2 protein chains.
Amino acid sequence: MERGDRLFRTGDVLSSIFVVRDGGFKTVVLRENGEEQVLGFHLPGDLVGLDAVGLGNHRCDAVALTSTNVCEIRFEDLAGAFADLPSLHKQLLRLIGQHSNRDQDHMAILVRPQANERIALFLLNVAGRYRLALFPVHAFKLPMSRGDIARYMGLASETVSRGFSRLQDDGVIALQGRVVTILNAGALGRLAQHEEMIEPPRHNERRVACIHGAV
Amino acid sequence: MERGDRLFRTGDVLSSIFVVRDGGFKTVVLRENGEEQVLGFHLPGDLVGLDAVGLGNHRCDAVALTSTNVCEIRFEDLAGAFADLPSLHKQLLRLIGQHSNRDQDHMAILVRPQANERIALFLLNVAGRYRLALFPVHAFKLPMSRGDIARYMGLASETVSRGFSRLQDDGVIALQGRVVTILNAGALGRLAQHEEMIEPPRHNERRVACIHGAV
DNA sequence: CGCTCATTTGAAACGAATCAACAATCGTGG
DNA sequence: CCACGATTGTTGATTCGTTTCAAATGAGCG
């Protein structure tokens with residue numbers, strides 16, 4: 001699939017669940033006033049489409065953020081297999097539970113009153129997910145735009161941009177466009193919990209991203 | 001159960017699901033820094049405990065907000081019935097889907113950048129849920145404190161209080177402590193969507209709550 | 001009736017949204 | 001391969017709104 005393509009749209013009947021192999025998706029709802037709200041990001045290894053399991057219809061659009069590669073699981077096959085393998089039910093329930101955990105992480109971000117905390121949490125979140133799915137990496141490329149991140153976190157895109165720049169100035173992360181390198185995970189964790197930066201940045205001038213060849 | 005009692009705690013293994021008959025609950029998580037985040041409110045007719053279906057353990061505490069009355073459904077009974085009645089699965093999945101819809105409503109509140117929009121959405125939300133469960137009422141008593149509402153919406157409790165007062169001054173709602181009367185649902189809906197108040201308040205002085213005997 | 005806790009309200013400081021301009025990046029086609 | 005246009009990202013200045021701290025009021029409960 002290419003960037004901008006939709007895996008499914010709001011209202012579509014549930015026919016398949018997808019596993020992201022490569023690339024990334026966002027799931028979005030369009031509010032009555034025309035604004036787009038980003039419900040979640042789906043990175044390699046993640047499932048897309050579980051939102052329709054409850055009622056049988058999708059409640060959001062799944063939009064490809066980049067060129068993507070997905071694995072399709074036809075739901076009727078799954079339903080047929082349920083009768084034979086009761087354990088599959090537990091499996092599905094566990095998946096749904098994980099999905100719900102994602103929502104909870106999202107809410108944990110949204111309730112923070114401070115933009116910097118939200119941004120720090122977001123980065124830790126994404127980094128953790130990449131760490132699970134791929135081999136541990138210090139640098140990863142965000143497939144989504146700053147605007148998407150903003151609409152995910154309930155902030156203006158300028159605020160996201162400023163927050164990223166600030167983290168770079170403080171030597172917590174290095175930025176190269178959408179490529180993020182976490183330089184100081186400890187500091188990021190403290191920022192996510194409203195604690196002040198304890199170790200001050202070593203230099204005040206913005207350093208160029210030195211990703212020691214990992215990019 | 002009495003106010004403050006816990007139906008279950010974080011980490012408890014899933015043993016039962018509950019239906020709220022009377023009163024209300026909040027589900028909360030305690031963050032590492034000691035702060036409490038309110039994940040949801042459970043009013044009469046609502047289910048509590050679905051959070052554990054995915055992994056088998058509860059991921060939050062369920063705290064009674066008032067004296068309450070619940071109906072317990074032992075999960076093992078349910079699991080046994082699954083083998084006999086495959087349709088029960090769909091039923092459970094639908095319930096989970098509804099639960100997920102709640103989370104989505106919650107996020108729709110949290111992404112609003114403006115406190116007034118969040119508060120308007122919250123009131124519409126709660127009113128809609130009371131309308132579903134009980135006979136239509138214009139006045140209802142919130143079982144939760146302003147602080148709980150604030151922790152649910154990611155605001156300071158003072159901001160919630162101010163927002164309520166503002167809505168009262170504008171003649172959109174009437175307040176009597178925790179009893180809320182919606183006087184102008186249309187205006188509330190418009191406020192929830194960032195639109196300005198079109199019809200100005202008829203009087204500037206704060207009116208006393210006139211709930212025409214419904215309380 | 002007096003206590004404690006919840007709620008309301010005020011004033012000030014801080015932070016984010018907004019508006020606006022600019023730089024950088026990407027994709028496209030010459 | 002480079003030039004171009006369009007999108008995306010960054011940065012600055014201002015305005016608006018929320019948090020915070022503080023105090024007063026009100027309600028619920030023993």
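Note that this is a predicted model, so its numbers are computed, not measured. Residue numbers begin at 1 in each chain, while the letters A, B, ... track the order of the sequences. Only this structure's heavy atoms are used, side chains among them; waters, hydrogens and symmetry mates stay out.
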Rounded to whole angstrom units, what separation is found between the [atom1] atom of [X] and the [atom2] atom of [N]?
X	N	atom1	atom2	answer
A/Phe164	D/dT11	CZ	C1'	16 Å
A/Arg166	C/dG15	CZ	C1'	12 Å
B/Leu167	C/dT9	CG	C1'	16 Å
A/Glu117	D/dT19	CD	C1'	12 Å
A/Leu110	C/dA16	CG	C1'	15 Å
B/Arg112	C/dA16	CZ	C1'	17 Å
A/Leu142	C/dC26	CG	C1'	17 Å
B/Glu158	D/dA22	CD	C1'	10 Å

Calculate, to the nearest 0.5 Å, the distance between atoms [atom1] and [atom2] belonging to [X] and [Y] respectively.
X	Y	atom1	atom2	answer
A/Asp103	B/Arg102	CG	CZ	14.5 Å
A/Leu167	A/Leu175	CG	CG	8.0 Å
A/Leu47	A/Leu92	CG	CG	9.5 Å
A/Leu95	A/Ser100	CG	OG	12.5 Å

TODO: Can you label the angle between the B/Tyr152 ring and the B/Phe41 ring as parallel, tilted or perpendicular, going by 30° and 60°?
DONE: tilted
Task: Side-chain donor/acceptor contact of B/Arg162 with base of D/dT20 under 3.5 Å - done: yes
Exam field: side chain [X] to backbone [Y], donor-acceptor pair closer than 3.5 Å:
X	Y	result
A/Arg112	A/Ala192	yes
B/His138	B/Ile182	no
A/Asp51	A/His58	no
B/Ser161	B/Ser157	no
B/Arg178	B/Pro143	yes

Task: Closest contact, heavy atoms only, A/His106 versus A/Val38 - done: CE1-O, 3.6 Å
Open item on the list: Which heavy atom of A/Thr66 sits nearest to which heavy atom of A/Gly23, and what is that distance?
Closed with: OG1-CA, 3.3 Å
TODO: May I ask you to list the residues of residues 147-157 of chain A, by number, that have any heavy atom positioned under 4.0 Å from an atom of DNA chain C?
DONE: A/Gly154, A/Leu155, A/Ala156
Open item on the list: Once side chain to side chain contact (heavy atoms under 4.5 Å, CB included) is applied, do any residues pair with A/Glu35, and if so which ones, sequence neighbours excluded?
Closed with: A/Asn33
TODO: Mind checking A/Gln114 for me? I need base, sugar-phosphate or nothing, with any heavy atom below 4.0 Å counting as a touch.
DONE: sugar-phosphate
Under 3.5 Å, which protein N or O atoms sit close to an N or O of nucleotides 28-30 of chain D? Give each pair with its distance.
none

Open item on the list: Side chain of A/Ser161 only, heavy atoms from C-beta on: which candidate in D/dT18, C/dT9, D/dG9 is closest?
Closed with: D/dG9
Task: Residues B/Arg6, B/Asp61: salt bridge by 4.0 Å N-O rule - done: yes
Open item on the list: Salt bridge check, B/Asp148 against B/Arg151: does any charged N sit closer than 4.0 Å to a carboxylate O?
Closed with: yes
Give every pair of a protein N or O atom and an N or O atom of nucleotides 1-6 of chain C that lie under 3.5 Å apart, one pair per line with the distance.
none

Open item on the list: Need the bend value for the helix from C/dC1-D/dG30 to C/dG30-D/dC1: angle between end axes, 5 pairs each end, nearest 10°.
Closed with: 50°
Open item on the list: Does any part of the side chain of A/Leu191, heavy atoms only, come nearer than 4.5 Å to the side chain of A/Asn116, both counted from C-beta?
Closed with: no
Task: Proximity to DNA chain D (any heavy atom under 4.0 Å), residues of residues 61-69 of chain A only - done: none
